[in-house]
Amino acid sequence: MSYFKKVRVRIAPSPTGDPHVGTAYVALFNYVFAKKHGGDFLLRIEDTDQVRAKSSSEAMIMKSLRWLGVEWDEGPDKNSSCGPFRQSERTAIYREHTEMLLKSKSAYHCFCTAERLDGVRAKQRVAGVTTAYDRHCRDLSAGEVAGFLGKSIPYVVRLKMPTTGMTSFVDEIRGVVEIENSRMDDQVLLKSDGYPTYHLANVVDDHLMEISHVIRAEEWINSTPKHVALYEAFGWERPKFAHLPLLRNADKSKISKRKNPVALTYYQRAGILPEALLNFLGNMGWNYGNDVEFFTVEEMMAKFEFKDIHLGGPVFDTVKLTWMNQHYMHKMSEASFVDYVRNEIFSTEYLKALKPFVLERMSRFEQFVGNNMFFFNGALDYSDVEIIPKGKTDVEIMDMLTGLVEKLDDLYEWEHERLKAVIEAYKDEIAWKPKDVFMTLRMVATGRKDSPPLFESLELIGREMTRFRFRDCAQKLASGTGFKKPAV
RNA sequence: GUCCCCAUCGUCUAGUGGCCCAGGACACCACCCUUUCACGGUGGCUACACGAGUUCGAAUCUCGUUGGGGACGCCA
């Protein structure tokens, strides 16, 4: 074994929605660390959640990371001897490893139902203790297990955690982290649908893919001891761990789509340059030193050290991001400016999608820009439209918008038929007149009373920008500025 | 609630025992530049959470308190 192990790191996003700015943050630090040490950066898709994973999301994640210029050495579309890189294609591997643990008695079958588990947790919550599995099936005899298996009773496989002693690991950023084994849960490793949980798949894959450093977000700190226990159960050498601070909302809570735009597609749509976003992210919890704020990814590589990471969770401040973006914009060459406007704003793809809706509403092309600004803009100005219908108050509109943003969060696919269904259902739920809902939404989304059909327009404006405008308008209503007050 | 992590201007941060009655940047305010707006320039505002130690000396080390966050899923 060579003294210096090759640096291999990975990001392991789960394809459950729009590519997240947190993924980009973790990707950047992984990428920089890998390249600094001449190592490899891998992309692994963790799609073991069969109910939430969707294939369109994987493509968007890859597209967004490429937009940022964070390119992986191995991944779903760049196979290697370590592949495949989609966990759903590795289920045989996880089964085999589960068998190994079962054989060595490091894991056991559990036949408890979800209902029983809920009951146990509820009791523990009332008692004020950490909720955990009560180990009901931990000591089932081989005969009992065989009996249940014979009757095809659904089961999961759980890790048999040691009940005494201490598990500790070294976090490259914060030092030793310790936790008493007695506090740790017998984690589910293999779900009843045959898919592995994150914990199993992650450890198995990191080992098989020869990952040297696991660089991930702080939210994983508490489950790291479980992972350590797994490495021990397998008899594998564990990688080094480094937990990055969590990006935060303005109120310091973990960054969330409810309080912040988090989709990379939103920032792209909002005209943030990839190099600006990367530079900004590089200033989250880390800095170049000497009061230097602007630096390239290459420059970051030269100076990056785990020890320089500052652990206070940084607030993701889009105002400062915008300032930084402006700096990059002003430095653009003529060629890249033309290129950007043509390819990012008036892209062929977008214009084609717009054509059926905008062309028939024009008689001269001079109207194009003026009539259709809202398809290209970010935040809108509401000082010329009456977004508050007669009989409604600003607070009611605010609540209506906020409520709708919540509903729209769960919308699986951003498509006009589905939008129509959701919004109409919402209208019925709050029992508002159609006009009060639809006209208001039209004005909030487009900034005008006349526009192409509402749902088609929303589809074209896009999920992130639509949600942003609804939220932005609600905020304007809350602050009492930026909209036309109804005549009294 | 239990455990884990964290703690410098409103925000991003510099600071690893004396160079700090704390530096830079965003935001904000004022002024300058300017036919407008923006850019740019100058200045201003504003922070070491608190309390005990250790030390000749603490933002920096220790302990406690408080505050914030995260985790407690057959989600990742």
Side-chain angles (χ1 to χ4, degrees), chain A residues 12-17 20 22-23 44-53 87 110-114 117-118 120-121 124-133 154-158 167-169 171 173-180 182-185 187-202 216-226 243-255 279-294 307-327 329-331:
Chain A
S14 109
T16 51
H20 200 277
T23 303
R44 185 171 71 219
I45 301 294
E46 309 228 327
D47 56 348
T48 56
D49 184 342
Q50 284 301 287
V51 311
R52 293 200 308 163
Q87 289 186 330
C110 167
F111 300 91
C112 293
T113 61
L117 262 20
D118 286 343
V120 170
R121 271 194 288 268
Q124 288 167 332
R125 247 187 291 271
V126 171
V129 295
T130 304
T131 56
Y133 178 52
Y155 67 92
V156 300
V157 175
R158 287 180 183 272
T167 296
S168 70
F169 66 94
D171 182 289
I173 306 171
R174 63 204 86 208
V176 177
V177 178
E178 293 183 310
I179 187 160
E180 284 178 48
S182 60
R183 317 202 149 276
M184 291 206 290
D185 205 357
Q187 187 60 50
V188 170
L189 265 17
L190 197 71
K191 303 184 246 186
S192 56
D193 64 3
Y195 279 84
T197 57
Y198 169 87
H199 305 282
L200 203 229
N202 195 261
R216 75 231 299 190
E218 191 179 1
E219 55 190 329
W220 294 108
I221 260 195
N222 286 288
S223 41
T224 304
K226 291 173 188 170
H243 293 91
L244 262 19
L246 246 18
L247 260 22
R248 312 288 184 94
N249 296 312
D251 65 3
K252 299 273 188 186
S253 57
K254 170 166 108 171
I255 196 166
N279 191 159
F280 180 72
L281 254 13
N283 277 307
M284 300 271 92
W286 188 82
N287 72 91
Y288 191 78
N290 300 116
D291 293 331
V292 172
E293 292 197 278
F294 291 103
K307 70 169 177 55
D308 295 326
I309 290 180
H310 170 79
L311 292 167
V315 172
F316 190 87
D317 178 7
T318 52
V319 174
K320 190 154 184 178
L321 203 212
T322 298
W323 163 78
M324 191 158 251
N325 192 58
Q326 163 187 279
H327 170 90
M329 283 176 75
H330 292 354
K331 284 200 319 190

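Letters go in sequence order (proteins before strands), and every chain restarts at 1.
Atoms OG1 and CD, on A:Thr16 and A:Glu46 in that order, are 11.0 Å from each other to the nearest 0.5 Å. In this structure, CZ on A:Arg158 lies 5.0 Å from OH on A:Tyr133, to the nearest 0.5 angstrom.
With hydrogens and angles left out, the side chain of A:Arg174 and the base of B:rC5 share no donor-acceptor pair within 3.5 Å. For A:Lys320 against B:rA25, a side-chain N or O and a base N or O form a donor-acceptor pair under 3.5 Å.
In this structure, of B:rA25, B:rC5, B:rU11, it is B:rC5 that holds the atom nearest to the side chain of A:Val177. Comparing atom distances between the A:Lys252 side chain and each of B:rC26, B:rA76, B:rG68 picks out B:rG68 as nearest. Comparing atom distances between the A:His199 side chain and each of B:rC74, B:rC26, B:rA76 picks out B:rA76 as nearest. Proximity note for A:Pro314 (side chain, C-beta onward) versus B:rC5, B:rC74, B:rU13: the nearest is B:rU13. When each of B:rA71, B:rC39, B:rG69 is scored by its nearest atom to the side-chain atoms of A:Gln326, the top-ranked nucleotide is B:rC39. Checking B:rU11, B:rC75, B:rG69 against the side-chain heavy atoms of A:Lys254 singles out B:rG69 as nearest. Minimum atom distance to the side chain of A:Ser192 is reached by B:rC74, of the listed B:rU11, B:rC4, B:rC74.
Taking atom CG of A:Leu244 as the reference point, atom P of B:rC4 lies 22 Å away to the nearest angstrom. The nearest whole Å value for the distance from the CD1 atom in A:Ile309 to the C1' atom in B:rA14 is 16 Å. The distance from atom CD1 of A:Ile173 to atom P of B:rU16 is 20 Å, rounded to the nearest whole Å. Between A:His310 atom NE2 and B:rG68 atom P there is a gap of 18 Å when expressed in whole angstrom units. Rounded to whole Å, atom C1' of B:rA71 lies 13 Å from atom OH of A:Tyr198. Protein atom NE2 of A:His327 is 16 Å distant from nucleotide atom C1' of B:rC12, rounded to whole Å. Going from atom CG of A:Asn249 over to atom P of B:rC12 covers 12 Å, rounded to whole Å. Rounded to an integer number of Å, the gap from A:Phe280 CZ to B:rA25 P is 17 Å.
A:Thr322 comes within 4.0 angstrom of nothing in the nucleic acid, heavy atoms only. Residue A:Val188 is classed as a sugar-phosphate contact, given heavy-atom separations below 4.0 Å to backbone atoms only. Looking at heavy-atom distances under 4.0 Å, A:Ser223 makes no contact with the nucleic acid at all. Nucleic acid contact class of A:Met324 (heavy atoms, under 4.0 Å, all strands): none.
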Every protein N/O lying under 3.5 Å from an N/O of nucleotides 1-3 of chain B:
{"from": "B:rG1", "atom 1": "O2'", "to": "A:Gly128", "atom 2": "O", "distance (Å)": "2.3"}
{"from": "B:rU2", "atom 1": "O2'", "to": "A:Thr130", "atom 2": "OG1", "distance (Å)": "3.1"}
{"from": "B:rU2", "atom 1": "O2'", "to": "A:Arg183", "atom 2": "NH1", "distance (Å)": "3.3"}
{"from": "B:rU2", "atom 1": "O2", "to": "A:Thr130", "atom 2": "OG1", "distance (Å)": "3.1"}

Could you pull out the protein-nucleic contacts involving nucleotides 44-49 of chain B (nitrogen or oxygen on both sides, under 3.5 Å)?
none

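Judged purely by atom type and a 3.5 angstrom limit, A:Asn249 has no side-chain atom pairing as donor or acceptor with the backbone of A:Val315.
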Q. Given the rule in the side-chain contact (heavy atoms from CB on, under 4.5 Å) test, do A:Leu281 and A:Phe316 qualify, once you have shown the distances and angles that lead to the verdict?
A. CA-CA 9 Å; A:Leu281 254 13; A:Phe316 190 87; 3.7 Å; yes
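Taking atom C1' on both B:rA47 and B:rU34, the two are 36 Å apart, rounded to the nearest angstrom. Taking atom C1' on both B:rC74 and B:rG67, the two are 36 Å apart, rounded to the nearest angstrom. Atom P of B:rG44 sits at a distance of 25 Å from the matching atom of B:rC50, rounded to the whole Å. Across B:rA59 and B:rG53, the matching P atoms stand 15 Å from one another, rounded to whole Å. With P as the reference atom, B:rG64 and B:rC3 are 14 Å apart, rounded to whole Å.
Taking 4.0 Å as the cut-off between side-chain N and carboxylate O, A:Lys320 and A:Asp317 do not count as a salt-bridged pair.
Between A:Arg248 and B:rA7, a side-chain N or O to OP1/OP2 separation shorter than 4.0 Å is absent. For B:rA14, one of the phosphate oxygens OP1 or OP2 lies less than 4.0 angstrom from a side-chain nitrogen or oxygen of A:Asn287.
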